[in-house]
Amino acid sequence: MSGSHDEQDRVRRRAEHLLPEEEAAGSDDRREQAAAILDESDRRTADPNAAPGSFLERRTSAQTVSAPQPPD
């Protein structure tokens, strides 16, 4: 596996903390599995439309929370 030391460390940490469903999927190489998971995550973060059928809406909290109305 090539890449910067930071990227290798990121993959190592992810491999140490696979989710239960990722462990259940099984893999001969946890680091390769973690690298694939991180690669997909990075692609989805860079391009919210990368995942078919998904939509990522980005709003600030000010855009999602209504201001409280003063009492009458």
Side-chain angles (χ1 to χ4, degrees):
M1 181 182 322
S2 62
S4 71
H5 177 69
D6 290 340
E7 183 64 19
Q8 291 175 11
D9 191 48
R10 180 179 177 228
V11 170
R12 178 191 55 77
R13 286 191 318 268
R14 186 64 176 86
E16 291 172 354
H17 298 95
L18 293 177
L19 298 174
E21 58 270 24
E22 294 165 349
E23 288 185 5
S27 175
D28 292 336
D29 187 337
R30 291 174 65 95
R31 284 188 183 221
E32 284 297 320
Q33 183 179 7
I37 292 166
L38 290 170
D39 180 57
E40 180 179 1
S41 175
D42 291 344
R43 282 186 282 124
R44 288 182 184 204
T45 300
D47 180 8
N49 296 319
S54 69
F55 175 74
L56 179 62
E57 186 173 352
R58 297 177 192 259
R59 295 190 277 173
T60 66
S61 60
Q63 295 170 310
T64 60
V65 178
S66 300
Q69 299 296 321
D72 291 345

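Basis for what follows: all heavy atoms, side chains included, without hydrogens, waters or symmetry-related copies. By convention here, the first residue in the shown sequence is residue 1.
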State which residues pass side-chain hydrogen bond (donor to acceptor under 3.5 Å, both in side chains) with Glu16; sequence neighbours excluded, sorted by chain then number. Arg12
Qualifying residues under side-chain contact (heavy atoms from CB on, under 4.5 Å), relative to Arg10, sequence neighbours excluded: Glu7, Arg13, Leu38, Asp42
Looking at every non-hydrogen atom in both residues, tell me the closest pair between Ile37 and Arg14 and how far apart they are. CG2-NH2, 3.5 Å
For Val11 and Ala34 the tightest heavy-atom approach is O-CB, 3.7 Å
Considering all heavy atoms, the nearest Ala15-Arg30 contact: O-NH2, 2.8 Å
Got a sec, which residues hit side-chain hydrogen bond (donor to acceptor under 3.5 Å, both in side chains) with Glu23, two or more places apart in sequence or on another chain? none
